[in-house]
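Atoms considered below: every heavy atom in the structure, side chains included; atoms not considered: hydrogens, waters and symmetry mates. None of these values were measured; they are calculated from a predicted model.
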Amino acid sequence: MDSILVTGNGPLNGVIPIAGAKNACLTLMPATLLSEEPLTLTNAPRLSDIRTMTSLLQSLGAEVSALQEGQVLAMSSHGLDNHTAHYDIVRKMRASILVLGPILAREGHAVVSLPGGCAIGARPVDLHLKALEAMGAELDLRDGYVHAKAPGGRLTGGTVDFPIVSVGATENALLAATLAKGTTVLKNAAREPEIIDLAECLIKMGAQIEGHGTSTITIQGVDRLHGATHPVVTDRIELGTYMLAPAICGGEVELLGGRRNLLEAFCAKLEEAGVDISETDAGLKVSHKSGRVKAVDVVTEPFPGFPTDLQAQMMALMCTAEGESVLEEKIFENRFMHAPELMRMGAQIDVHGGTAKVTGVERLKGAPVMATDLRASVSLILAGLAAEGETRVSRVYHLDRGYEHVVRKLSAVGAKIERIKED
């Protein structure tokens with residue numbers, strides 16, 4: 001398995017382009033299953049998770065072509081000939097469950113494997129299933145698969161009242177409701193930019209949707225959807241990750257395509273820590289000229305709160321902050337597995353349940369560390385940028401799921417980083 005070698009090398013300066021959002025693209029791709037006409041996505045990220053979703057859609061009979069070096073995905077489901085999403089593909093990625101709603105809505109029946117376990121908690125799919133049941137779906141769970149059918153061949157509108165905010169369940173329900181007969185109301189719906197992006201794409205395809213971006217979304221079902229071309233929204237997690245690079249080791253970096261409204265709560269915390277953020281014609285500029293940042297407390301929350309997917313990276317920054325910070329994880333359990341690895345680099349972290357207390361130190365020291373999940377992997381790279389000596393991050397296959405060209409992007413702003421290929 002490959003590893004990444006990082007050597008602390010002082011301030012970073014320059015420009016980093018931000019890719020399209022992985023989480024948005026993985027949600028948009030199953031929308032092709034709702035129509036016989038082509039759906040084309042532009043600004044697609046080039047990631048292993050996108051390739052996994054491509055394989056899943058192709059196994060169902062969809063055509064998916066990656067054009068312009070993978071930044072354009074041309075898809076068509078006119079030849080959809082399989083209604084079963086098998087375990088051997090679904091197990092690789094939890095987002096695979098998002099094909100359930102579209103297949104069921106278009107074909108009236110679907111069989112989808114339950115996703116496998118997850119390193120950062122259970123993340124059950126029960127909310128997805130309850131949402132579909134509210135639209136009349138009959139579900140049977142057996143042999144690790146969800147067997148779903150719509151009586152009469154079509155889902156019917158209903159009210160879905162989510163007991164907790166769930167991005168994935170909101171997405172699956174939104175996809176399914178577009179072809180349901182009648183009106184569907186999603187209450188306590190997720191409000192993330194990726195939800196807005198999905199709704200806007202579906203509207204281009206002919207769906208009737210109102211309220212996306214609020215906690216109540218109303219969908220009036222239509223008989224059919226047509227094709228469309230849609231740009232994937234900027235990846236706010238990649239954006240936030242690279243905003244932390246000059247914050248953690250100094251310098252000034254412009255993030256092309258960045259928008260503050262994607263990360264308002266995160267930006268506010270960075271500014272509270274003493275980092276300067278300004279908007280430019282092309283994106284966001286982040287600078288931190290000298291000295292240590294100030295410690296700040298963080299609580300992860302659903303959008304528009306502080307994103308759970310930036311908690312690990314923020315912890316890396318707090319490891320060298322001046323003072324003591326408390327990070328509280330309220331979205332996923334078991335999401336502090338990066339803490340012991342940061343401690344190998346000299347960080348002072350005390351974890352109790354869903355809370356981590358971080359006491360900042362003057363300087364981290366390079367060490368061999370191991371990535372435990374996607375966001376943890378990049379948090380260790382950030383820590384390595386600010387550490388004394390070399391940091392070797394192993395198991396970086398996690399990284400390839402969510403960040404394209406990390407070495408190239410960080411090298412371009414002055415980081416000393418390389419990928420070590422291993423047999």
Nearest-0.5 Å distance, [atom1] of residue [X] to [atom2] of residue [Y]:
X: S377; Y: L399; atom1: OG; atom2: CG; value: 4.0 Å
X: M53; Y: S96; atom1: CE; atom2: OG; value: 5.0 Å
X: L262; Y: E192; atom1: CG; atom2: CD; value: 11.5 Å
X: T391; Y: L382; atom1: OG1; atom2: CG; value: 11.5 Å
X: S77; Y: E63; atom1: OG; atom2: CD; value: 8.5 Å
X: I420; Y: M1; atom1: CD1; atom2: CE; value: 15.0 Å

Considering all heavy atoms of both residues, which atom of [X] and which atom of [Y] are nearest to each other, and what is their separation?
X: H288; Y: P246; value: CB-O, 3.7 Å
X: G402; Y: L47; value: C-CD2, 3.6 Å
X: M318; Y: V358; value: O-CG1, 3.6 Å
X: L80; Y: L33; value: CD1-CD2, 3.7 Å
X: P231; Y: T42; value: CA-OG1, 3.1 Å
X: L244; Y: M314; value: CD1-N, 3.8 Å

Close side-chain approach of [X] and [Y], heavy atoms under 4.5 Å:
X: I97; Y: V90; result: no
X: H230; Y: L28; result: yes
X: V286; Y: V253; result: no
X: N23; Y: R236; result: no
X: P302; Y: V167; result: no
X: I50; Y: L26; result: yes
X: K130; Y: F162; result: no

- Determine the sole option in L41, V99, V232 for which the side-chain contact (heavy atoms from CB on, under 4.5 Å) test with M29 is passed. L41
Can you tell me if [X] uses its side chain to pair, donor with acceptor, with the backbone of [Y] under 3.5 Å?
X: R363; Y: A387; answer: yes
X: D2; Y: R419; answer: no
X: Y145; Y: Y87; answer: yes
X: Q220; Y: Q208; answer: no
X: T178; Y: L175; answer: yes
X: R46; Y: E404; answer: no
X: T170; Y: A189; answer: no
X: D197; Y: V233; answer: yes
X: T84; Y: H86; answer: no
X: K22; Y: Y403; answer: no

Can you find a side-chain donor-acceptor pair between [X] and [Y] that sits under 3.5 Å?
X: E171; Y: T27; value: yes
X: R335; Y: T308; value: yes
X: T372; Y: E341; value: no

Please determine whether the number of non-hydrogen atoms from other residues, nucleotides or ligands lying under 6.0 Å from atom [atom1] of [X] exceeds 12.
X: E133; atom1: CD; value: yes
X: H405; atom1: NE2; value: yes
X: K357; atom1: NZ; value: no

Atom pairs and distances, donor-acceptor, side-chain atoms in residues 5-14, under 3.5 Å, two or more places apart:
from : atom 1 : to   : atom 2 : distance (Å)
N9   : ND2    : G414 : O      : 3.2
N13  : OD1    : E252 : N      : 3.1

- Query: In chain order, what residues pass the salt bridge (Lys or Arg N to Asp or Glu O under 4.0 Å) check against E264, with sequence neighbours excluded?
  - Reply: R260
- Charged N to carboxylate O under 4.0 angstrom, E254 versus K285?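 A salt bridge is absent here (no side-chain N lies under 4.0 Å from a carboxylate O).
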- Query: Are T300 and E329 close enough, and set up right, to give a side-chain hydrogen bond (donor to acceptor under 3.5 Å, both in side chains), and what steps lead you there?
  - Reply: CA-CA 5 Å; T300 63; E329 177 57 65; 2.9 Å; yes
Anything under 3.5 Å between a donor and an acceptor, one on a side chain of residues 67-74, the other on a protein residue two or more places apart or in another chain? List them.
none

